[in-house]
Amino acid sequence: MFYHSKELHFKARVSKPDPRFARLMLEQFGGGNGELSACMQYFVQAFACHNPYPDKYDMLMDIATEELGHLEIVGATIQMLLAGVNGNLKDAAERSDVFADGFSKDDFVHSTFGIATQFGVVTGGGPRLTDSAGVPWQSTYINANGDLTVDLRSNLASEARAKIAYEYLMQFTDDKEVLATLNYLMTREVAHFQQFEAALDTIRPNFPPGVLQTDPRYGNLYSNHSQGGDYRGPWNEGRSTGFGEEWQYIADPHRQVIETDGLTKVELEGTDRTLESVREADLALSKKRSEEVRSATPTKRIGWCEYGDRKRPTSKRVPAEQD
């Protein structure tokens with residue numbers, strides 16, 4: 001159940017109309033990294049969490065709902081930036097405040113309709129679910145894979161992209177009122193990033209994503225496929241961040257392929273994992289994940305929620321492992 005409050009979550013204002021910037025703001029209204037995309041992504045991901053991870057279900061639904069509020073803020077800002085692109089403009093354009101400071105009607109028509117024609121011929125001076133290039137919003141922007149550890153990592157990337165988009169937008173306006181709104185929205189992306197990061201840390205094991213633990217023969221190999229500089233760093237020397245395995249630097253990948261018969265005769269080096277230990281881990285985690293999937297939709301007494309005073313059970317928090 002959703003309840004709509006007519007007051008925006010943040011006091012969005014603009015100092016003056018700016019149709020050029022309104023077009024840029026469409027990126028966060030109907031773009032691939034915009035607020036609608038975030039809202040729909042978290043909303044869709046939440047359903048698989050309802051029973052196995054009720055706490056994560058609440059978190060995803062809460063953030064999805066907040067993102068819907070952000071969509072309203074962005075839409076309201078676009079509407080205000082387009083003040084004058086309406087019926088009153090058509091009737092008394094030359095008297096509109098939008099033409100102050102030497103900004104003529106011809107300039108306005110060019111900047112508004114020449115850049116984003118949908119403002120004039122489709123929406124009549126309001127936002128539309130497209131990106132800044134006029135490409136309609138599409139559900140292919142949404143990432144929901146049914147594995148919470150995968151989905152949360154997708155969300156971290158989504159929040160990072162949204163954050164940088166707001167950061168870039170802030171470079172294209174001098175309007176202090178608009179900048180205040182963009183600053184708020186940018187900050188919330190970072191807050192959500194930390195929330196998803198913390199939620200991922202409560203799921204153990206959460207690496208690698210999914211169930212299968214990967215083949216230890218190939219998991220710690222770094223192949224040098226470049227010429228003109230052998231750069232070394234924590235991505236190809238020392239221990240790996242996930243499994244803690246010693247990176248094996250392959251200076252000549254072609255030679256390795258020949259000597260190992262196409263990597264079919266690779267010796268285990270730098271790892272304590274074996275093919276047998278991986279199989280055992282795969283079976284154990286597969287059983288655990290299967291139980292979670294089955295619990296997502298019970299086969300008896302199927303119902304989504306209980307009404308009244310009965311509370312839905314909360315999942316037990318698993319303490320993070322210590323390094």
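A quick note: this is a predicted structure, and the numbers were derived from the prediction, not measured. Residue numbers count from 1 along this sequence. The basis for the numbers below is simple: all heavy atoms, side chains too, and nothing from hydrogens, waters or symmetry mates.
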Just so I know, are the side chains of [X] and [Y] near enough to count as touching, which here means a heavy-atom distance under 4.5 Å?
X	Y	result
Glu197	Leu156	yes
Tyr166	Asn183	no
Met25	Leu182	yes
Phe43	Met61	yes
Asn51	Trp304	no

In the hydrophobic clustering that connects Ile, Leu, Val, Met, Phe, Trp and Tyr at side-chain heavy-atom distances below 4.5 Å, which members other than Val211 occupy its cluster, ordered by chain and number? Leu285

Connecting only ILVMFWY residues whose side-chain heavy atoms lie within less than 4.5 Å of each other, what is the rest of Tyr3's hydrophobic cluster? none

Run the ring pair (Phe, Tyr, Trp, His ring centres under 6.0 Å) test against [X] and tell me which residues pass, sequence neighbours left out.
X	value
Phe243	Phe207
Phe29	none
Phe10	Tyr184
Phe172	none

At their closest point, which heavy atom of [X] faces which heavy atom of [Y], and how far apart are they?
X	Y	value
Pro208	Gln213	CD-OE1, 3.6 Å
Pro209	Arg153	CG-NH1, 3.7 Å
Glu35	Leu185	OE2-CD2, 4.3 Å
Ile73	Thr181	CG2-CG2, 3.6 Å
Met80	Ala12	CE-O, 3.5 Å
Gln28	Ala165	OE1-CB, 3.6 Å

Once salt bridge (charged side-chain N to carboxylate O under 4.0 Å, His left out) is applied, do any residues pair with [X], and if so which ones, sequence neighbours excluded?
X	answer
Glu167	Lys163
Glu177	Arg13
Glu280	none
Lys11	none

Say you draw a straight line from [atom1] of [X] to [atom2] of [Y]; how long is it, rounded to the nearest 0.5 Å?
X	Y	atom1	atom2	result
Arg204	Thr149	CZ	OG1	12.0 Å
Leu152	Met59	CG	CE	5.5 Å
Leu148	Cys49	CG	SG	4.5 Å
Leu268	Gln248	CG	CD	10.0 Å
Arg161	Ser37	CZ	OG	9.5 Å

So, [X] versus [Y]: side-chain donor-acceptor pair below 3.5 Å or not?
X	Y	result
Thr130	Trp137	no
Asn155	Gln41	yes
Thr173	Asp175	no
Glu72	His9	no
Glu276	Thr274	no
Asn220	Ser240	no

For His4, I'd like to know if atom NE2 has over 12 heavy atoms of other residues, nucleotides or ligands within 6.0 Å. yes

Taking OH in Tyr231 as the centre, count heavy atoms belonging to other residues, nucleotides or ligands within less than 6.0 Å. Is the count above 12? no

Shared hydrophobic cluster for [X] and [Y] (ILVMFWY, side-chain gaps under 4.5 Å):
X	Y	result
Met186	Leu71	yes
Leu26	Met170	yes
Val44	Tyr53	no
Phe193	Leu200	yes
Leu221	Val278	no

Under 4.0 Å between a side-chain nitrogen and a carboxylate oxygen: does that hold for Arg239 and Glu245? no

So salt bridge (charged side-chain N to carboxylate O under 4.0 Å, His left out) across residues 214-236, not counting sequence neighbours, yields Asp215-Arg217

Enumerate the salt bridge (charged side-chain N to carboxylate O under 4.0 Å, His left out) contacts for residues 180-191, please, sequence neighbours excluded, ordered by first and then second residue. Glu66-Arg188

Step-by-step side-chain contact (heavy atoms from CB on, under 4.5 Å) determination, Tyr168 to Leu24: CA-CA 10 Å; Tyr168 290 154; Leu24 296 181; over 6 Å; no

Tell me whether Asp261 contacts the main-chain N or O of Lys265 through its side chain, where contact means a donor paired with an acceptor under 3.5 Å. no

Measure from the side-chain N and O atoms of Thr77 to the backbone N and O of Val14, and report whether any donor-acceptor pair falls under 3.5 Å. no

Given the rule in the ring pair (Phe, Tyr, Trp, His ring centres under 6.0 Å) test, do Tyr57 and Tyr42 qualify, once you have shown the distances and angles that lead to the verdict? CA-CA 9 Å; Tyr57 174 85; Tyr42 310 152; over 10 Å; no

Checking side-chain contact (heavy atoms from CB on, under 4.5 Å) for the pair Ile78/Arg128: CA distance, chi angles, key distance, verdict? CA-CA 9 Å; Ile78 293 173; Arg128 191 180 183 216; over 6 Å; no

